[in-house]
Amino acid sequence: MEYNIVFTTCAQFALMCLIGLKAAEPADDGGGWSLKSDFRLQDEGPCNIDVFDGSSLSYRQFIERYAYSRPVILRGLTDNTKFRSLCSKSSLLEEYGARRVRLSTANTYSYRKVDVPLQEYVDVLLRPQSVDTLGSDTLYFFGDNNFTEWHGLFDVYESPSYVLPHTSGAYSFGIAGAGTGVPFHWHGPGYSEVIYGRKRWFLYPPDKEPHFHPNHTTLSWVTETYPNLPEEEAPLECTIRPGEVLYFPDRWWHATLNLDTSVFISTFLG
């Protein structure tokens with residue numbers, strides 16, 4: 001089985017430095033996922049999405065103000081301390097390292113899949129993203145989880161309690177390197193929670209399709225397109241950290257950019 005591996009050359013490293021990436025040792029071990037050699041995007045960008053502590057927004061207010069109209073970020077809505085511990089690098093590899101995970105290309109309209117052991121993905125493929133790498137050459141671990149094999153982990157996760165009427169949640173779990181992310185796309189409503197790292201989100205309402213190349217990564221879009229957007233075409237955006245949950249409504253365009261090596265889980269409502 002063949003697959004592409006993204007290597008970082010000295011020239012690419014210099015380019016990363018120009019766009020705000022630098023070698024940095026994190027303040028904590030990030031569950032063992034952040035490495036001394038890791039590149040970390042420093043620019044979290046603005047936050048123009050409403051943010052609430054879980055206790056300050058009632059379920060009724062969530063339904064009336066956000067569920068069908070706009071995204072919102074909730075803090076302290078759940079306590080996933082145990083889940084976070086199980087998602088540390090050592091714990092996850094000990095339990096699931098030999099099991100195969102399905103990787104997808106980071107391309108809006110591509111469906112290429114590659115199956116590799118989780119240990120191989122972490123040791124070989126989990127690397128910082130280069131700005132000039134195409135989405136079709138970037139393999140991304142998110143979703144396509146084998147629920148029979150992963151149920152022991154997912155059973156511990158406490159999903160957000162604000163569920164839309166007549167829907168149920170389905171989990172998608174992922175691990176990704178700094179500078180990676182999924183390009184703009186849309187689907188049904190859901191939540192996204194960061195377990196380790198930071199994830200920057202860009203969102204547009206259904207009637208405002210963003211301008212993007214389907215085979216260019218989010219890092220490329222942030223570097224080349226985002227700085228030149230007129231004010232009226234600016235996205236809603238925010239960077240979420242561990243313990244924060246972002247809710248996105250049905251059919252909203254969204255793209256993500258992992259600012260660090262990140263572990264994350266989404267709850268899709270369908």
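Position 1 is the first residue of the sequence, and the numbers go up from there. Reckoned from all heavy atoms, side chains included, excluding hydrogens, waters and symmetry mates.
In terms of the side-chain contact (heavy atoms from CB on, under 4.5 Å) criterion, residue partners of His151 (sequence neighbours excluded) are, by chain and number, Asp155. Applying the side chain to side chain donor-acceptor pair (under 3.5 Å) rule to Thr239 yields no partners; only residues at least two apart in sequence or on another chain are considered. The side chain to side chain donor-acceptor pair (under 3.5 Å) test applied to Arg70 returns Asp50, not counting sequence neighbours. Looking at residues two or more places apart in sequence or on another chain, you find a ring-ring contact (aromatic ring centres under 6.0 Å, His included) between Tyr96 and Trp150.
Shortest non-hydrogen contact noted between Phe202 and Pro235 is CD2-CG, 4.0 Å. Considering every non-hydrogen atom in both Ile73 and Cys47, the closest pair reads CD1-SG, 4.4 Å.
Screening Asn258, Thr261, Asp260 for a side chain to side chain donor-acceptor pair (under 3.5 Å) with Arg198, the sole residue that qualifies is Asp260.
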query = Where do His216 and Phe184 land on the ring pair (Phe, Tyr, Trp, His ring centres under 6.0 Å) test, with the steps shown first?
reply = CA-CA 10 Å; His216 288 181; Phe184 281 106; over 10 Å; no

| said: Quick one, Thr217 with Ser130, criterion side-chain contact (heavy atoms from CB on, under 4.5 Å). Give me CA distance, side-chain angles, the key distance, then yes/no. | reply: CA-CA 9 Å; Thr217 62; Ser130 169; over 6 Å; no

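Inter-residue side-chain proximity for His254 and His187 is flagged as met; some heavy-atom pair is nearer than 4.5 Å. The closest side-chain heavy-atom distance from Thr180 to Phe142 is not below 4.5 Å. Side chains of Pro71 and Trp201 form no contact here, defined as non-hydrogen atoms less than 4.5 Å apart.
Each salt bridge (Lys or Arg N to Asp or Glu O under 4.0 Å) pair with one or both residues in residues 207-236, not counting sequence neighbours, would appear here, but there are none.
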Using a 3.5 Å cut-off and no angle test, enumerate the donor-acceptor pairs between side-chain atoms of residues 156-175 and protein atoms at least two apart in sequence or in another chain.
| unit_1 | atom_1 | unit_2 | atom_2 | d |
| --- | --- | --- | --- | --- |
| Tyr157 | OH | Glu193 | OE1 | 2.7 |
| Tyr162 | OH | Leu57 | O | 2.5 |
| Thr167 | OG1 | Leu164 | O | 2.7 |

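Within a 6.0 Å sphere centred on CZ of Arg251, other residues, nucleotides and ligands contribute 12 heavy atoms or fewer.
Side chain to side chain, Thr78 and Asn80 meet the donor-acceptor criterion of an N or O pair below 3.5 Å.
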